[in-house]
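Remember, it's a predicted structure, so these values are computed and weren't measured experimentally. Both backbone and side-chain heavy atoms feed into the values below; hydrogens, waters and symmetry mates do not. Naming: A, B, ... by sequence-line order, numbering from 1 per chain.
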Amino acid sequence: MSTALDRQSQQPPQSPRPTDEKPGPRRSARSLTDLVFRVRELSIGGALALLIFGTWLANPGFLDDQGVKDLLLNSAILVLLATGQSVVVLTRNIDLSVGSVVGLTAFACGSFVSGTQHSAATVLLLGTGLGVLCGVLSGLLVSFGRVPALVVTLGMLYVIQGTGHVWAHGRQINAANVPEGVLRLGSGSVLGVPYLPLISALVLAATAYYLRTYRSGRELYAIGSNPEAARLAGIPIRRRVLGAYAFSGAVAGFAGALWLARFGTVVADAANGWELTVVSAVVVGGVAITGGVGTVWGAALGALLLTTIGSALVVLKVNPFWEQAITGALLLAAISTDRVVRSRTTEALRKRSRQ
Amino acid sequence: MTQPEPAAAPAPVLALEEVTKSFGNVRALRGVSLRLHAGQAHALAGENGAGKSTLIKILAGVHGPDSGTVLLDGRPVSFAGPAGARDAGIAVIYQEPTLFADLSIAENIFMGRQPRRALGRIDHAAVREATAALMRRLGVDLDPDRPARGLSIADQQIVEIAKALSFDARVLIMDEPTAALTGTETARLFAVVDALRAEGAAVLFISHRLGEIFELCGSVTTLRDGALVATEDLDGLTEDDLVRRMVGRDLEELYPKQDTASGEPALTVRRLTREGVFHDVSFEVRRGEIVALAGLVGAGRSEVVQAVFGVDSADAGEVEVGGEKLRPGSPTAAMRAGVALVPEDRRQRGLVMEMSIERNIALTGLDRLGSAGVVRRTLERSRAADWAVRLQLKYGRLSDSVGVLSGGNQQKVVLAKWLATEPGVLIVDEPTRGIDVGTKAEVHRLLTALAADGIAVLMVSSDLPEVLGMADRVLVMHEGRLVASLPRAEATEESVMAAATGRSSEEAA
């Protein structure tokens with residue numbers, strides 16, 4: 001026992017090492033980190049509420065029926081994409097091809113159904129399948145080809161975009177040719193809530209549940225947190241990373257089909273540039289770009305926040321170019337806060353562990 | 001060198017037969033055999049770089065052998081990665097904890113093996129409960145729900161041990177599990193291991209504390225330079241016998257230390273602090289002196305020398321070289337003041353592996369090899385050839401890429417690169433890690449000769465015999481603090497380890 005005492009005596013005066021009868025301080029180690037993550041999500045939620053409230057004060061029209069509906073519709077696809085992106089980012093990778101996948105699948109689905117009477121389900125299936133294909137291709141290159149994700153998905157972004165351009169050849173899909181059933185998916189609603197946000201919420205909740213409750217979901221976190229340890233723990237890293245990309249692709253393809261349903265009129269590079277917005281949303285929402293940390297709920301909140309900023313600026317009649325600057329500033333703020341918070345919690349946890 | 005009685009012993013649970021493994025030009029294992037029996041604890045002894053870690057990784061399914069076989073219950077197996085070995089009941093505790101910092105302790109222990117409810121859903125409550133039970137069994141008070149981030153090295157090691165205990169391992173392999181533990185924690189670990197052994201588990205134990213080997217194990221296999229020296233019963237063996245088998249020669253021969261008169265201080269470090277990494281570190285190194293910085297993995301030694309050199313910035317404190325204050329956070333300023341840092345990881349930080357030998361040597365002094373920013377090839381080559389001779393470098397052509405050299409020769413190239421700057425203060429971080437004994441002795445001779453020429457040498461090393469054999473003074477760090485400064489006469493394996501594990505605060509400077 002004397003050795004344990006010696007060990008303490010060189011530390012600054014602290015309460016004695018807690019033993020079995022004193023579980024109090026140990027408990028709080030958990031609540032501390034819990035709190036940090038909850039604070040992270042609460043603060044985004046708070047910022048969102050504040051933004052909505054402020055804009056509503058300036059222009060009450062912002063929150064009328066149509067306003068709310070627009071907000072939900074506008075954010076639905078971004079939330080969906082952020083969910084898929086989060087799963088990839090959690091594994092310490094990134095998928096920059098999502099924007100081009102959305103564009104390509106929207107156009108492909110449009111060409112497929114133009115002038116036919118295919119159902120909405122067929123379109124969604126087609127879009128998802130095409131997305132999985134793109135995702136699997138990226139995933140194979142990243143996981144089995146061992147090429148850095150940034151390069152692979154950037155390449156995929158251009159390949160898919162280029163393919164779309166060549167194929168479309170300047171044409172666009174006209175809403176008039178898209179079957180009624182498909183368009184109803186984009187404009188219809190149940191009990192006043194549009195389908196699109198409902199679908200996004202469903203996918204979001206299912207993904208969150210999966211990530212929390214299934215072994216493979218937890219393994220995605222493990223891979224992002226410490227790849228070497230994941231290897232030693234016998235986690236099939238390549239399969240999991242491939243799976244993450246397939247999921248991200250599937251979600252992007254699915255979103256492409258919804259895009260067609262929502263807008264009817266689409267060009268091949270419809271979602272050009274969205275990949276960066278999606279990544280911003282994910283990071284603002286607290287998913288660490290270095291992997292292993294964050295939730296899809298946070299990412300969805302981030303997506304909601306970015307969309308709302310855009311809409312609010314329009315309502316407030318601010319030059320829309322400010323949107324980009326604000327998004328950027330938010331991104332930097334989020335990353336800096338995360339860094340500071342992380343080093344502070346590490347320090348706090350370290351102190352606890354030495355007590 | 002008697003073999004354990006083969007007739008009496010039952011078939012080994014896990015065995016290696018004539019296993020060979022190479023990494024590039026380095027032959028890590030050469031025809032090594034090993035047998036682990038149920039209910040017996042076996043020790044693996046050998047110096048750093050003798051091939052112990054490679055052997056463990058083969059048993060753990062991380063590497064496959066180049067030739068030879070792994071036998072499980074007498075049948076040849078080839079594990080499909082670490083998961084395959086784990087499913088066969090082989091638990092490994094690695095020297096350096098491999099935890100997921102962002103995940104909870106419970107998740108760390110059960111990752112990939114979580115108890116599940118219907119439909120494959122993880123039973124979080126069961127995971128937590130099982131972890132709490134493991135913690136009770138180990139007699140430690142760690143909250144299963146706290147993240148691994150910020151755990152002390154000892155606590156991280158405990159999580160690793162809990163991980164190994166969490167499935168009923170038939171074979172338990174421990175690579176220096178006690179290095180970071182206090183006496184009480186070690187005793188508790190040994191009690192648990194003994195219990196497992198009594199239940200029929202085979203144990204393979206590695207420790208540089210020879211006393212522990214004798215305490216825990218019944219037999220020992222000794223490796224030297226990747227080859228098997230002996231497998232024998234520990235009964236009737238002394239610690240000295242073991243050391244002789246590990247080293248294969250006398251220590252004096254291995255560490256040719258010349259006595260040198262130390263001069264005025266060349267490097268003075270005052271109250272250097274980097275928040276959360278190390279605190280209030282002060283020391284000086286005199287001209288002609290070799291000072292070793294010892295401590296456990298994670299004690300903050302490399303971080304200190306990196307801050308001294310300016311690679312990392314310090315939050316407080318100052319560094320003086322030859323009486324002049326050094327601009328903090330600037331490696332360029334440090335180099336100009338005559339400081340050289342030979343980094344720990346030569347592949348990542350010390351060398352450009354694809355570049356030729358001569359280019360690598362020239363990297364630190366490009367402005368001296370030509371004019372107006374243009375490097376003159378002939379100067380570059382002649383300087384490289386010069387150093388190659390002085391350091392007895394073994395190479396094909398100077399234009400060969402560094403990647404083809406053996407580890408020891410790569411280390412010489414790194415040394416040449418930095419010595420070419422004609423430093424007054426030479427900082428070396430793990431100068432002989434992973435290089436063969438012959439080259440090791442050459443590096444030691446070189447360091448000693450440099451000190452004799454009046455260079456101040458600061459050496460970070462985890463190799464205890466090296467520290468004791470080379471250093472005029474041993475500084476010991478424990479969890480970010482300098483806890484002891486031992487003159488050569490007082491530095492022994494026991495005194496250094498005691499300070500490094502935080503057991504002797506009364507010796508703190």
Side-chain angles (χ1 to χ4, degrees), chain A residues 1-4 6-11 17-23 25-34 209 212-219 221-226 228-236 288 290-294 342-354, chain B residues 60-62 80-87 92 94 97-104 107-108 110-114 116-117 119-122 124 136 139 141-152 154-156 163 182-185 275-276 478-479 481 483 501-506 508:
Chain A
M1 208 53 228
S2 68
T3 46
D6 283 354
R7 190 189 188 197
Q8 272 168 25
S9 58
Q10 70 193 74
Q11 309 280 347
R17 194 182 172 104
T19 41
D20 298 354
E21 76 272 14
K22 238 184 83 181
R26 295 285 174 178
R27 275 280 122 205
S28 58
R30 177 198 180 190
S31 38
L32 175 75
T33 37
D34 267 8
Y209 186 74
R212 234 186 73 74
T213 330
Y214 285 85
R215 280 184 186 173
S216 46
R218 300 313 299 166
E219 286 172 2
Y221 279 88
I223 292 167
S225 186
N226 186 344
E228 179 58 21
R231 196 170 69 91
L232 292 175
I235 294 172
T290 46
V293 179
R342 181 182 276 215
S343 67
R344 288 280 153 79
T345 35
T346 305
E347 192 51 33
L349 284 167
R350 192 171 285 155
K351 286 204 184 102
R352 274 168 219 278
S353 118
R354 279 191 198 174
Chain B
V62 177
R86 192 187 64 200
D87 294 343
V92 186
Y94 293 98
T98 52
L99 297 183
F100 307 110
D102 305 305
L103 304 184
S104 72
E107 288 213 271
N108 265 288
F110 286 98
M111 182 53 68
R113 302 179 290 110
Q114 297 95 335
R116 292 188 288 190
R117 296 182 289 159
L119 303 173
R121 292 168 300 154
I122 294 173
H124 288 291
R136 279 195 297 277
D141 177 33
L142 284 174
D143 179 1
D145 287 316
R146 73 156 276 166
R149 182 177 300 284
L151 282 178
S152 71
D155 284 344
Q156 290 182 40
K163 208 193 283 181
T182 62
T184 342
E185 287 164 334
E275 289 300 338
H478 170 66
E479 304 214 326
R481 283 167 206 279
V483 291
T501 47
R503 277 182 285 164
S504 56
S505 49
E506 69 276 9

**B:T98/A:R231 under side chain to side chain contact (heavy atoms under 4.5 Å, CB included): CA gap, chis, key distance, verdict** = CA-CA 10 Å; B:T98 52; A:R231 196 170 69 91; over 6 Å; no
**Fill in**
Interface check, chain A: of B:G112, B:A80, B:G81, B:A83, most non-hydrogen pairs under 4.5 Å belong to B:G112
**Item:** A:N226 side chain reached by B:L99 side chain, heavy atoms, under 4.5 Å
**Value:** no
**Asked** Under a 4.5 Å heavy-atom cutoff, which of A:G291, A:A288, A:A230 has the most pairs with chain B?
**Response** A:A230
**Prompt:** Which bit of A:E219 is near chain B, if near means a heavy-atom gap under 4.5 Å: side chain, backbone, both or neither?
**Reply:** both
**Request:** Nearest 0.5 Å please: distance from the CG atom of B:D102 over to the OG1 atom of A:T290.
**Result:** 7.5 Å
**Fill in**
Of all heavy-atom pairs linking A:S225 and B:A101, the shortest is OG-N, 3.4 Å
**Prompt:** Listed by chain and number, what are the side chain to side chain contact (heavy atoms under 4.5 Å, CB included) partners of A:R218, not counting sequence neighbours?
**Reply:** A:Y221, B:L103, B:E107, B:M111, B:Q114, B:I122
**Asked** Given that the side chain runs from C-beta out, which part of B:L119 has a heavy atom under 4.5 Å from chain A: side chain, backbone, both or neither?
**Response** both
**Fill in**
Answer key: most heavy-atom pairs under 4.5 Å with chain A among B:R116, B:R113, B:E275 is B:R116
**Prompt:** chain A heavy atoms under 4.5 Å from B:Y94: which part of the residue, side chain, backbone, both or neither?
**Reply:** side chain
**Fill in**
Turns out that what part of A:I235 lies under 4.5 Å from chain B's heavy atoms comes down to side chain
**Message:** For chain A, which candidate among B:G120, B:G84, B:G61, B:A60 shows the most heavy-atom pairs at distances under 4.5 Å?
**Reply:** B:G120
**Message:** What part of B:R121 gets within 4.5 angstrom of chain A, counting heavy atoms only: side chain, backbone, both, or neither?
**Reply:** both
**Message:** Using modelled atom types and a 3.5 Å cut-off, is there a donor and acceptor pairing between side-chain atoms of B:H124 and backbone atoms of A:R212?
**Reply:** yes
**Request:** Can you measure from CZ (B:F100) to CD1 (A:I223) and round to the nearest 0.5 angstrom?
**Result:** 8.5 Å
